[in-house]
Engineer: 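This is the structure, below, for whatever I ask next.
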Amino acid sequence: MLDPQLLRNDIEQVAKALTKRGFKLDIVAIETLEEKRKAIQVKTQQLQQQRNTRSKEIGKAKSQGKDAQALLDEVASLGDELKSSEEELNEVQKELNDIIMEIPNIPHESVPEGESEEDNEEVRRWGEPKVFDFTVKDHVDLGESLGLLDFEAAVRIAGARFSLMQGGIARLHRALIQFMLDTHTRDHGYTELNVPYLVNADSLRGTGQLPKFGEDLFHIEEHDLYLIPTAEVPVTNIARDQILSAETMPRKYVCHTPCFRSEAGSYGKDTRGMIRQHQFEKVELVQMVKAEDSYDALEELTGHAEKILQLLDLPYKVVTLCGGDIGFSATKTYDIEVWLPGQEKYREISSCSNFEAFQARRMKARWRNPDTGKPELIHTLNGSGLAIGRTLVAVLENYQDSEGHIAIPEILKSYMGGLEAIH
RNA sequence: GGAGAGGUGGCAGAGCGGUUGAAUGCACUGGUCUUGAAAACCAGCAAGGGUGCGAGCCCUUCGAGGGUUCGAAUCCCUCCCUCUCCGCCA
């Protein structure tokens with residue numbers, strides 16, 4: 001949610017800034033409603049004030065044993081007028097709020113112009129795609145010929161876009177999770193969390209998935225709960241309706257969860273293998289910081305995600321998402337893309353974003369600034385560190401040999417009980 | 001799921017339907033005292049919003065939403081949550 005003050009005082013600027021992401025702000029609609037709101041709110045508050053003072057007078061008169069009938073008559077007509085004024089105000093405020101909740105965040109000035117993926121800006125590359133002297137397989141062929149990935153069974157059990165791992169691959173999957181959690185807690189100063197995988201609508205509104213993106217979520221209607229699409233939702237909402245004390249800032253959380261996404265609208269996209277699933281696992285990094293620190297924190301957090309790929313010796317590049325490709329709530333996002341030999345492409349494996357106060361404002365997530373004594377909105381950030389399924393794919397494809405066996409990356413061997421390779 | 005108790009400011013905890021946005025304590029901030037600190041004493045201290053250049057003035061909020069009333073933290077209804085006991089259960 002953008003600052004309503006900013007929207008009132010500088011709507012032209014906001015509209016201009018939002019064109020960068022291809023969003024057209026309906027200035028006229030907002031200004032019209034805003035004008036209405038102002039008039040009705042002033043009127044309503046005046047009526048409330050009248051009611052309050054009269055009521056106090058009545059109370060005073062009665063306690064002194066005087067006759068209050070004259071005062072009571074005076075206030076009689078106020079009730080209906082106030083009630084209809086309040087209702088009108090509620091309506092206008094709701095209308096305005098509905099619009100505001102669907103306005104995306106303003107991209108940071110450093111975000112490149114552009115309409116789509118094509119226009120994202122490469123920031124850096126790490127590692128060289130390995131040259132294989134045999135025809136490489138993709139992870140599906142590798143997994144199935146090892147007998148350790150069974151998509152057919154997954155379809156039978158659940159349906160499309162699910163997968164079933166076993167043996168060495170299931171263990172490798174688990175090893176990646178442990179390795180990432182250990183690295184981020186031990187080396188990067190994050191606190192490990194375990195959180196609910198079902199969340200309420202308020203939490204999803206807080207981080208920005210609702211109201212606009214409900215169709216991407218799995219919803220359990222009977223209990224009105226949603227399966228989390230990312231750990232970002234439960235973790236960031238720790239701060240919802242809270243005033244954090246300064247000593248607990250910045251907060252850095254790492255959390256492994258499964259993630260559930262309906263993938264509505266991605267029919268036919270990445271249908272092969274485990275790149276795009278309804279259920280996948282992710283180790284998520286979340287930071288809650290002071291406003292002035294959030295861009296440094298974004299660089300730091302992105303570096304923490306990159307470190308995982310470096311330790312796994314997987315080649316990657318980092319791109320800055322352009323205005324047209326950036327997510328609804330973010331001001332700036334770096335995607336990390338890992339090299340997949342099976343596709344001969346770099347594919348997204350992490351997305352690291354600064355949301356500034358956008359989520360915090362929706363969530364009323366604040367901290368108390370000791371300098372002013374006043375609560376101030378925090379800035380929130382998050383990034384995958386990393387997506388486990390895709391990391392597994394990357395390891396399978398990058399560490400394959402001509403036999404279709406998978407070498408275990410050095411750093412994971414201790415997590416694999418010393419195993420050298422998956423046969 | 002059944003029975004009972006309860007949800008009030010950063011925390012703890014009062015609160016006859018009427019100057020109660022809310023006693024008191026703790027925490028916090030400033031001051032006095034002290035070589036310094038502690039203790040003691042004095043003072044201040046909720047959040048959100050409207051309006052105004054501004055000092056300010058005003059509105060809202062006591063789990064959430066409705067209702068009764070001139071007036072609701074206080075009365076009524078619905079829902080949510082917490083705690084205790086019973087049942088079930090990984």
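In what follows, every chain begins at residue 1, and chains take the letters A, B, ... in the order their sequences are listed.
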Engineer: Looking at every non-hydrogen atom in both residues, tell me the closest pair between A/I336 and A/C352 and how far apart they are.
Structural biologist: CD1-SG, 4.4 Å

Engineer: Do any pairs count as a salt bridge (charged side-chain N to carboxylate O under 4.0 Å, His left out) and have a residue in residues 291-314 of chain A, sequence neighbours left out, and if so which ones?
Structural biologist: A/R124-A/E306, A/K252-A/E300

Engineer: Taking atom NZ of A/K413 as the centre, does the number of heavy atoms from other residues, nucleotides or ligands within less than 6.0 Å exceed 12?
Structural biologist: yes

Engineer: Rounding to an integer number of angstrom, what distance separates B/A23 and B/U8 when you compare their C1' atoms?
Structural biologist: 12 Å

Engineer: If a protein heavy atom is under 4.0 Å from the base, mark B; if only from the sugar-phosphate, S; if neither, -; do that for nucleotides 56-66 of chain B going 5' to 3'.
Structural biologist: --SSS------

Engineer: Give me the distance, rounded to whole Å, that separates B/G52 from B/U74 when you measure between the P atoms they each carry.
Structural biologist: 34 Å

Engineer: Between B/C59 and B/G6, how far apart are the P atoms? Round to whole Å, please.
Structural biologist: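 So the two P atoms sit 33 Å from each other.
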
Engineer: Output all residues satisfying side-chain contact (heavy atoms from CB on, under 4.5 Å) with A/E115, sequence neighbours left out; order by chain, then residue number.
Structural biologist: A/D119

Engineer: Distance check, P atoms only: B/A72 and B/G67, in whole angstrom units.
Structural biologist: 12 Å

Engineer: Provide, to the nearest angstrom, the distance between the CG atom belonging to A/L377 and the C1' atom belonging to B/G49.
Structural biologist: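 To the nearest whole Å, that distance equals 14 Å.
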
Engineer: How would you list all residue pairs meeting side-chain hydrogen bond (donor to acceptor under 3.5 Å, both in side chains) that involve residues 95-107 of chain A, not counting sequence neighbours?
Structural biologist: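 Sorted pair list: A/K94-A/D98.
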
Engineer: Taking the C1' atom of each, how far is B/C41 from B/G48, in whole Å?
Structural biologist: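 About 35 Å, rounded to a whole number of Å.
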
Engineer: Between B/G48 atom P and A/R362 atom CZ, what is the distance in whole Å?
Structural biologist: 19 Å

Engineer: Atom CG of A/L78 to atom P of B/U69: distance rounded to whole Å?
Structural biologist: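 Checked: the CG to P distance equals 15 Å.
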
Engineer: Under the side-chain hydrogen bond (donor to acceptor under 3.5 Å, both in side chains) test, which residues partner A/R347, sequence neighbours left out?
Structural biologist: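 Applying side-chain hydrogen bond (donor to acceptor under 3.5 Å, both in side chains) to A/R347 gives A/D270, A/Q343.
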
Engineer: Could you work out the separation of B/U32 and B/G7 based on their P atoms and round it to a whole Å?
Structural biologist: 42 Å

Engineer: Work out how far the P atom of B/G65 is from that of B/A73, and round it to whole angstrom.
Structural biologist: 13 Å

Engineer: Starting from P on B/G48, measure out to CE on A/M1 and report it in whole angstrom.
Structural biologist: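 That distance rounds to 13 Å.
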
Engineer: Grab the CH2-P distance between A/W367 and B/A47 for me, whole Å please.
Structural biologist: 14 Å

Engineer: By salt bridge (Lys or Arg N to Asp or Glu O under 4.0 Å), which residues pair with A/K24, not counting sequence neighbours?
Structural biologist: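 For A/K24, no residue satisfies salt bridge (Lys or Arg N to Asp or Glu O under 4.0 Å) once neighbours in sequence are set aside.
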
Engineer: Mind calculating the distance between CG (A/D224) and P (B/C80) to the nearest angstrom?
Structural biologist: 11 Å

Engineer: Contact class for A/K43 (heavy atom, under 4.0 Å): base, sugar-phosphate, or nothing?
Structural biologist: nothing

Engineer: What's the closest nucleotide to the A/V75 side chain, out of B/U51, B/C70, B/A47?
Structural biologist: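 Shortest atom-to-atom distance from the side chain points to B/C70.
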
Engineer: Using a cut-off of 4.0 Å between protein heavy atoms and nucleotide atoms, how would you tag nucleotides 7-22 of chain B 5' to 3' with B, S and -?
Structural biologist: -----------BB---

Engineer: Taking only residues two or more places apart in sequence or in another chain, which ones pass side-chain hydrogen bond (donor to acceptor under 3.5 Å, both in side chains) with A/T248?
Structural biologist: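 A/R251.
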
Engineer: In whole Å, I'd like the distance from the NE2 atom of A/H223 to the C1' atom of B/C81.
Structural biologist: 17 Å

Engineer: Tell me the interatomic distance from A/D3, atom CG, to B/G48, atom C1', rounded to whole angstroms.
Structural biologist: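 After rounding, the reported distance stands at 13 Å.
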
Engineer: Side-chain polar contacts of residues 208-221 of chain A - donor-acceptor pairs under 3.5 angstrom, sequence neighbours left out - could you list them?
Structural biologist:
{"unit_1": "A/Q209", "atom_1": "OE1", "unit_2": "A/T207", "atom_2": "OG1", "d": "2.7"}
{"unit_1": "A/H219", "atom_1": "NE2", "unit_2": "A/D224", "atom_2": "OD1", "d": "2.8"}

Engineer: Taking the basic N atoms (NZ, or NE/NH1/NH2) and the acidic carboxylate oxygens, is any pair closer than 4.0 Å for A/D138 and A/R272?
Structural biologist: yes

Engineer: For B/U68 and B/U61, measure between their P atoms and round to the nearest Å.
Structural biologist: 16 Å

Engineer: With sequence neighbours excluded, tell me which residues meet side-chain hydrogen bond (donor to acceptor under 3.5 Å, both in side chains) with A/E88.
Structural biologist: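 Partners of A/E88 under the side-chain hydrogen bond (donor to acceptor under 3.5 Å, both in side chains) test: none.
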
Engineer: Does this structure show an ion pair linking A/R261 with A/E263, if we count only N-O contacts that are shorter than 4.0 Å?
Structural biologist: no

Engineer: Side-chain N or O of A/K364 versus OP1/OP2 of B/G48: is the shortest distance under 4.0 Å?
Structural biologist: no

Engineer: Could you check A/Q93 against A/K83 and say which one's nearest nucleotide on RNA chain B is further toward the 5' end?
Structural biologist: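 Between the two, 5'-proximity favours A/Q93.
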
Engineer: Pull out every stem in RNA chain B, meaning runs of 3 or more consecutive Watson-Crick or G-U wobble pairs with both distances under 3.5 Å.
Structural biologist: B:1-7 with B:80-86, B:10-12 with B:24-26, B:28-32 with B:40-44, B:46-51 with B:56-61, B:63-67 with B:75-79

Engineer: Could you work out, with side-chain hydrogen bond (donor to acceptor under 3.5 Å, both in side chains) as the rule, every residue matching A/T44, not counting sequence neighbours?
Structural biologist: A/S85

